[in-house]
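Written below as structure tokens is the structure these notes are about.
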Amino acid sequence: DGTVWCWGRNDQGQLGDTTTTDSSVPVLVRGPGGTGALTGVAGLAAGAKHTCAVKTDTTVWCWGDNPDGQLGDNTTTDTSTPVQVVGPGGTGTLTGVTSVAAGQKHGCAAMTDTTVWCWGMNNQGQLGDNTTADSLSPVQVVGTGGTDTLTSAVLVAAGKLFSCAALSDFTAFCWGDNQYGQLGDNTTTDSLSPVQVTGPGGVGTLTAVDLITAGLTHVCAVRTDATVWCWGRNDQGQLGNDTTTDTSSPAQVTDTGGVGTIDDATTGGAGDLHTCIVRTDTTAWCWGDNPDGQLGDGSTTDSASPVQVL
């Protein structure tokens, strides 16, 4: 029905229910100013302590923590109800949004004109505008090398201090912090503008990218052949390649026990230090960090290869 319900931690109003009270059951996200309910929602993204929604009218609304402008409303005021992301320079409103992503303290949106706009903290270049200046309103992501603008974007993803986009030609580009190789360009060099994700082993480019998702410091992509490839930090096995070795270029996710490879993934998502996918048989599989049972396999044991969710 286009409403949104949230649960969990709420110290910064990230549940959007006009309170800062944690909830172990779903609560309704209220409308602007706390009146009624937020409706017409087509997509969601959750950051560290803030949440954003894309509506069917292609506008974006965010709520929660805002000290670095991650709500995109041209202020640094926290809010426990949705506020609308403004237009560039703080004028008007951001419209034409097709996909939204929330990082630790920043957000990004892919647009109907295939450009990408980001807002919030920018200390590592995660806004992709070739600067390290924070922005309380959306700024446009530039092209490779800091010239022109990034275009042809269809999906965006945001990690702790970096961002990525999947393009209509099925390639992927990332920008920002690269300490663990999470930009996927076969280096560990930070970049204030987009760099292209390379192929496995740093050879060529990663192609056939159908979906991209970012964790705290790693990225995974589902390709059109239903294989899964990940790169970046891997200390908890979050890359799913049966190792705990970081990699700055894509590594293929193995099947359970490290035998064979996954070749039937339909969608996926990355948490801080773990990753999950859904397979064509509609089962769910996860890998990586598991001290709180986030892999869903009935244990608290980390796994460097996929385990099935019970």
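- Hydrophobic clustering (side-chain heavy atoms under 4.5 Å, transitive across Ile, Leu, Val, Met, Phe, Trp, Tyr) groups Trp285 together with Leu211.
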* To do: For the pair His50 and Leu71, evaluate side chain to side chain contact (heavy atoms under 4.5 Å, CB included) and give the outcome as yes or no after the intermediate values.
  => CA-CA 7 Å; His50 74 289; Leu71 301 188; 3.8 Å; yes

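- With a 4.5 Å cut-off on side-chain heavy atoms, Leu150 and Trp175 count as touching.
- Residue Lys49 comes nearest to Gln12 through the heavy atom pair CD-CG, 3.8 Å, listed as atom of the first residue, atom of the second, then distance.
- Scanning all heavy atoms of the two residues, the minimum distance from Ala109 to Val97 falls at CB-CG1, 3.8 Å.
- For the pair Thr115 and Gln140, the minimum side-chain heavy-atom distance is below 4.5 Å.
- Interatomic distance, CG of Leu295 versus CG of Asp302, reported as 7.0 Å (0.5 Å rounding).
- The closest side-chain heavy-atom distance from Trp117 to Met111 is below 4.5 Å.
- No side-chain donor from either of Asp134 and Asn123 sits under 3.5 Å from a side-chain acceptor of the other.
- Ion pairing between a basic and an acidic side chain is recognised when a charged N comes within 4.0 Å of a carboxylate O; Arg279 and Asp264 show such pairing.
- Using a 4.5 Å cut-off on side-chain heavy atoms (C-beta onward), Trp119 and Val139 make no contact.
- Residues Thr19 and Ser80 approach most closely at O-CB, 3.5 Å, considering heavy atoms.
- Applying the side-chain contact (heavy atoms from CB on, under 4.5 Å) test between Trp231 and each of Val197, Leu183, Thr198 identifies Val197 as the sole match.
- By the criterion of side-chain heavy atoms lying less than 4.5 angstrom apart, applied directly or through intervening Ile, Leu, Val, Met, Phe, Trp or Tyr residues, Val228 is not grouped with Val209; the two fall into different hydrophobic clusters.
- Annotation: side chain of Leu161 is in contact with side chain of Met121 (closest heavy-atom distance under 4.5 Å).
- Distance CH2/Trp229 to OG1/Thr227: 6.0 Å, rounded to 0.5 Å.
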* **Chi angles and distances behind the salt bridge (charged side-chain N to carboxylate O under 4.0 Å, His left out) call for Asp246, Arg233** => CA-CA 5 Å; Asp246 300 346; Arg233 188 174 180 177; 5.7 Å; no

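- A donor-acceptor contact shorter than 3.5 Å links the side chain of Asn290 to the backbone of Ser299.
- The nearest pair of heavy atoms linking Ser193 to Gly143 is CB-O, 3.7 Å.
- A donor atom on one side chain and an acceptor atom on the other are not found under 3.5 Å apart for His274 and Ser303.
- The minimum heavy-atom distance between Pro82 and Gly16, with the atom names listed, is CD-O, 4.4 Å.
- Taking OG1 of Thr217 as the reference point, atom CD of Gln104 lies at 10.5 Å (rounded to 0.5 Å).
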* Candidate pair Ile262 and Ile277, rule side chain to side chain contact (heavy atoms under 4.5 Å, CB included), full reasoning -> CA-CA 10 Å; Ile262 296 285; Ile277 60 164; 3.8 Å; yes

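- Between Trp287 and the options Val253, Val307, Asn241, a side-chain contact (heavy atoms from CB on, under 4.5 Å) holds for only Val253.
- In the hydrophobic clustering of ILVMFWY residues, with side-chain heavy atoms under 4.5 Å counting as a link, Trp63 and Val85 come out apart.
- Here the options are Thr76, Thr75, Thr77, the test is side-chain hydrogen bond (donor to acceptor under 3.5 Å, both in side chains), and the partner is Asp73; only Thr75 passes.
- If you check the side chains of Gln182 and Asp177, you find a donor sitting under 3.5 Å from an acceptor.
- Among Asp17, Val4, Thr51, the single residue meeting the side-chain contact (heavy atoms from CB on, under 4.5 Å) criterion with Val29 is Val4.
- A distance-only check finds a donor-acceptor pair linking the side chain of Asn122 to the backbone of Gln126 [under 3.5 Å].
- Using modelled atom types and a 3.5 Å distance limit, the side chains of Ser23 and Asn10 yield no donor-acceptor pair.
- The shortest side-chain heavy-atom distance between Leu127 and Leu192 does not fall under the 4.5 Å cut-off.
- Contact annotation: the side chain of Val156 never approaches that of Val100 to less than 4.5 Å [non-hydrogen atoms, C-beta and beyond].
- In this structure, a donor-acceptor pair under 3.5 Å is absent between the side chains of Asp263 and Thr261.
- For the 3.5 Å distance criterion, the side chains of Asp169 and Ser152 fail to qualify, holding no donor opposite an acceptor.
- Note that CG of Asp65 is 7.5 Å distant from CD of Gln14, once rounded to the nearest 0.5 Å.
- Hydrophobic clustering (ILVMFWY, side-chain heavy atoms < 4.5 Å, transitive): Leu239 and Ile212 are in distinct clusters.
- At distances below 3.5 Å, not a single donor-acceptor pair connects side-chain atoms of Arg30 with backbone N or O atoms of Leu38.
- Looking at Thr207 and Arg223, their side chains come closer than 4.5 Å, going by heavy atoms from C-beta outward.
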